[in-house]
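Structure first, commentary second.
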Protein chains: 2
Amino acid sequence: MRLSTKGRYGMRAMLALARRYGEGPVPLKEIAEGEGLSEAYLEQLMSELRKAGLVRSVRGAQGGYLLGREPAAITAGDIIRVLEGPIGPVQCVIEIPGGEVCHRAEYCVERILWERLRDSIAQVLDGSTLADLLVEEKKIALASGGWERSCQPS
Amino acid sequence: MRLSTKGRYGMRAMLALARRYGEGPVPLKEIAEGEGLSEAYLEQLMSELRKAGLVRSVRGAQGGYLLGREPAAITAGDIIRVLEGPIGPVQCVIEIPGGEVCHRAEYCVERILWERLRDSIAQVLDGSTLADLLVEEKKIALASGGWERSCQPS
DNA sequence: ACAAAGCCGAGCGGATTACTTGGGATTTAG
DNA sequence: CTAAATCCCAAGTAATCCGCTCGGCTTTGT
């Protein structure tokens, strides 16, 4: 039940973009350096996020990436779903409209448990927008007087 | 964010044992056949569950496995933690007493999100005992008049 | 024109997963 | 006493996934 680096790095990158929302395109190189991530790898993630509409890109010199919508309109759930696939602890309760449901679904207790788990995860993720997180970030920064940002090893 | 087969099969096996709680040892072969799982593989999982005290084993002919405690005293969280490791979507918020915490922990917003997610997952899992699940199983069985049990593909 | 960026697809080594295999050691039944 | 039923354990293995890297192309501002 761990997130892969895609979800984690993607989240970091999106937060980085959110911090600079409204400042025009941010080149990937800056994000990668700022967050200590591989630029080439991050590029793949951005590609997926772009196809999903969560970021826009501007090509050419002075180009870079921007959030596709305002930070208040992008949730952690949006990002995780793009990079990690639909939420759900097991295949048979995955959140896909019209996805395959196993034939014994009606009588299966485990299924009920996994569904509860899925919904609980989705609720947390969908309940946090990038804007929310930035507000919290500001709070803890003020509270502790610090400046630092992301966990490096995360 | 998927459970592996260990967690899923383990949950199935534990529910199977819970259904026959008080009837003496149940041989693995029966469970494996009943749930449609590989006996040899299940054996490995039972070994871990036994070391964790969630099941007891009786060796020799007429032997088998029994729950280590009453069904009301075993939660899904207990089982998942044994088979999938400590709960937590990322390494840096894993639930280990005295586990490593990354040095920037205080100022890291992602961390707060991942902690919320971890707690939410743990709450669902720790809130469901085997006894609870059997009660629900009985309810849905009565409601739909069916007899079938676990999702096969899950 | 040139440099700064994004875009794309392939490759790749290491880890993990989901098993299987092959042997023990124990216990009960006959 | 022996045979069968069971659990116990360690090793092996094929396939998949992860977490990247690499090379080359396209677009665009100066």
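By convention in this document, chain letters (A, B, ...) are assigned in the order of the sequence lines, proteins followed by strands, and residues within each chain are numbered from 1.
Atom CD1 in A:Ile31 sits roughly 12 Å away from atom C1' in C:dG6 (whole-Å rounding). In this structure, B:Lys6 atom NZ and C:dT17 atom P are separated by 7 Å, rounded to whole Å. With rounding to whole Å, A:Met46 atom CE is found 16 Å from C:dC8 atom C1'. In this structure, the CD atom of A:Glu48 is 16 Å from the C1' atom of C:dG6, given to the nearest Å. The distance from atom CD of A:Glu33 to atom C1' of C:dA5 is 14 Å, rounded to the nearest whole Å. Rounded to an integer number of Å, the gap from CG of B:Leu45 to P of C:dC19 is 10 Å. We find that OH of A:Tyr41 is positioned 17 Å from P of C:dG9, with the value rounded to whole Å.
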Exercise. Going through the checks in order, is the side-chain contact (heavy atoms from CB on, under 4.5 Å) test met by A:Leu130 and A:Met11?
Worked result: CA-CA 9 Å; A:Leu130 291 177; A:Met11 200 69 206; 4.2 Å; yes
Exercise. Do A:Leu3 and B:Trp114 pass the side-chain contact (heavy atoms from CB on, under 4.5 Å) test, and can you show the C-alpha distance, the side-chain angles, and the key distance before you say yes or no?
Worked result: CA-CA 10 Å; A:Leu3 247 30; B:Trp114 303 143; 3.4 Å; yes
For this session: Decide yes or no on side-chain contact (heavy atoms from CB on, under 4.5 Å) for B:Cys92 and B:Glu110, but give the supporting numbers first.
Result: CA-CA 10 Å; B:Cys92 80; B:Glu110 289 107 285; over 6 Å; no
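Take B:Gln44 and apply the side-chain hydrogen bond (donor to acceptor under 3.5 Å, both in side chains) test, not counting sequence neighbours, and it matches no residue. Evaluation of the salt bridge (charged side-chain N to carboxylate O under 4.0 Å, His left out) rule for A:Glu30 yields A:Arg20 as partners, not counting sequence neighbours. When the side-chain contact (heavy atoms from CB on, under 4.5 Å) test is applied to A:Leu134, the partners found at least two apart in sequence or on another chain are A:Leu15, A:Ala18, A:Arg19, A:Glu137. Residues passing the salt bridge (charged side-chain N to carboxylate O under 4.0 Å, His left out) test with A:Glu84: none are found, sequence neighbours excluded.
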Result block: side-chain N/O donor-acceptor pairs under 3.5 angstrom for residues 118-127 of chain A, not counting sequence neighbours:
unit_1	atom_1	unit_2	atom_2	d
A:Arg118	NH1	A:Val93	O	2.6
A:Ser120	OG	B:Ser120	O	3.4
A:Ser120	OG	B:Ser120	OG	2.3
A:Asp126	OD1	A:Arg81	NH1	2.8
A:Asp126	OD1	A:Arg81	NH2	3.4
A:Asp126	OD2	A:Arg81	NH2	2.9

Distance-only donor-acceptor hits, side chain of residues 71-78 of chain A, under 3.5 Å, sequence neighbours excluded:
unit_1	atom_1	unit_2	atom_2	d
A:Thr75	OG1	A:Gly77	N	3.3
A:Thr75	OG1	A:Asp78	N	3.0
A:Thr75	OG1	A:Asp78	OD1	3.4
A:Thr75	OG1	A:Asp78	OD2	3.2
A:Asp78	OD2	A:Arg69	NH2	3.2
A:Asp78	OD2	A:Thr75	N	2.8

Scan nucleotides 10-16 of chain C against the protein and return all N/O pairs shorter than 3.5 Å with their distances rounded to 0.1 Å.
none

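Across its full length, the helix from C:dA1-D:dT30 to C:dG30-D:dC1 shows an angle of 10° between the axes of its 5 terminal pairs at either end, rounded to 10 degrees.
In summary, contact between chain A and DNA chain D, defined as any nucleotide atom under 4.0 Å from a heavy atom of the protein, begins and ends at D:dG19 to D:dG29 in the 5' to 3' direction.
Under the 4.5 Å side-chain criterion, counting only non-hydrogen atoms from C-beta, B:Arg12 is not in contact with B:Ile31. Between A:Ile87 and B:Met1 the shortest side-chain heavy-atom distance does not fall below 4.5 Å.
Non-hydrogen atoms lying under 4.0 Å from DNA chain C are contributed by A:Ser57, A:Val58, A:Arg59, A:Gly60, A:Ala61, A:Gly63, A:Gly64, A:Tyr65, all within residues 55-68 of chain A. Applying a 4.0 Å cut-off to non-hydrogen atoms, the residues of residues 20-30 of chain B that approach DNA chain D are B:Val26, B:Pro27, B:Leu28, listed by residue number.
Taken together through direct or relayed side-chain contacts under 4.5 Å among Ile, Leu, Val, Met, Phe, Trp and Tyr, B:Leu45 and B:Leu66 form parts of separate hydrophobic clusters. Criterion: ILVMFWY side-chain heavy atoms under 4.5 Å apart, direct or through other members. Under it, B:Leu42 and B:Val58 are not part of a common hydrophobic cluster.
If you take OG1 on B:Thr5 and OH on B:Tyr41, they are separated by 3.0 Å, rounding to the nearest 0.5 Å.
Under 4.0 angstrom from either OP1 or OP2 of C:dC8 there lies at least one side-chain N or O belonging to A:Arg50. Between C:dC7 and A:Ser47, no contact under 4.0 Å exists linking OP1 or OP2 to a side-chain N or O.
The two residues B:Tyr65 and B:Val55 make their nearest non-hydrogen contact at CD2-CG2, 4.0 Å.
For residues 38-53 of chain A, the salt bridge (charged side-chain N to carboxylate O under 4.0 Å, His left out) pairs, not counting sequence neighbours, are A:Lys6-A:Glu48.
Residue whose closest nucleotide on DNA chain D sits further toward the 5' end, between B:Lys51 and A:Glu39: B:Lys51.
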